[in-house]
Amino acid sequence: MKFQILIPGLFAIFCLFFVSCGGDDDVDCDNENELITFFNAAINPLNTAIMAFSATPNEDTCNDLVDAYEKFIDDLEPFQSCADEFGRGAEWRQDIEDARASLAQIDCTF
């Protein structure tokens, strides 16, 4: 499937999020409950788009998936400062770059 390309990037970001990140000035890097709440709010629209595309793979649902994945990456990108704080900044940057590269490879032409 065309969206399988985003799974490795999404998984890497998901794992790194719980291992090493926090948030921007509005999120306490040390508050796990706040981080989980923020992450759930960020990933729910992506999960919805993945499920919609899986149920009805077409150009519209693919474009919705790409938009949701891009927003998910954008939502997590500000956590760079906390990743830096935990000594994982380079890995965080690389995961964001890898996710963006995977996103760029998604072809929604049917």
Side-chain angles (χ1 to χ4, degrees):
M1 270 187 186
K2 293 181 181 188
F3 76 93
Q4 287 177 339
I5 239 171
L6 69 93
I7 300 303
L10 177 62
F11 181 73
I13 288 175
F14 178 78
C15 289
L16 191 55
F17 184 86
F18 284 105
V19 171
S20 68
C21 81
D24 57 19
D25 294 335
D26 297 325
V27 178
D28 179 1
C29 296
D30 297 322
N31 185 334
E32 186 176 337
N33 289 331
E34 189 172 335
L35 295 176
I36 290 169
T37 299
F38 181 88
F39 183 78
N40 285 336
I43 201 164
N44 283 339
L46 179 58
N47 285 337
T48 299
I50 289 170
M51 292 172 64
F53 180 75
S54 294
T56 311
N58 60 44
E59 191 170 340
D60 289 336
T61 58
C62 183
N63 287 326
D64 291 345
L65 175 60
V66 168
D67 291 345
Y69 189 38
E70 187 171 64
K71 182 171 179 349
F72 176 73
I73 295 169
D74 290 345
D75 287 348
L76 293 185
E77 209 162 22
F79 286 81
Q80 181 66 53
S81 62
C82 286
D84 291 338
E85 179 183 324
F86 289 108
R88 308 283 303 247
E91 293 169 72
W92 185 258
R93 264 186 296 285
Q94 187 61 53
D95 285 342
I96 294 290
E97 288 175 25
D98 290 347
R100 290 215 182 272
S102 293
L103 179 63
Q105 293 178 26
I106 298 173
D107 179 8
C108 288
T109 55
F110 283 77

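For the atom pair CD of Glu97 and CD of Glu77, the computed distance is 9.5 Å after rounding to the nearest 0.5 Å. Within the model, atoms OG1 of Thr48 and CG of Asn44 stand 6.5 Å from one another, a figure rounded to the nearest 0.5 Å. Between the CD atom of Glu59 and the CG atom of Asp64 there is a distance of 11.0 Å, given to the nearest 0.5 Å. To the nearest 0.5 Å, the span separating CZ on Arg93 from CG on Asp95 amounts to 11.0 Å. Rounding to the nearest 0.5 angstrom, the gap separating the CG atom in Asp30 from the CZ atom in Phe86 is 5.0 Å.
At a threshold of 4.5 Å between non-hydrogen side-chain atoms, the residues Phe39 and Leu76 count as touching.
The shortest heavy-atom contact between Cys108 and Asn63 is CB-OD1, 3.4 Å. Contact detail for Phe110 and Cys62: the closest heavy-atom pair is CE1-CB, 3.9 Å. Contact record, Gln80 with Trp92: OE1-CD1, 2.9 Å, taken as the closest heavy-atom pair. Across all non-hydrogen atoms, the minimal contact from Ala68 to Pro45 is CB-O, 3.9 Å. Here the closest non-hydrogen pair linking Tyr69 and Leu103 is CD2-CD1, 3.3 Å.
Residues passing the side-chain contact (heavy atoms from CB on, under 4.5 Å) test with Asp60 are Asn58, sequence neighbours excluded. Considering only residues two or more places apart in sequence or on other chains, Asp74 meets the side-chain hydrogen bond (donor to acceptor under 3.5 Å, both in side chains) condition with Arg100.
Electrostatic pairing of Lys71 and Asp67 does not count as a salt bridge here, judged by no charged N lying under 4.0 Å from a carboxylate O.
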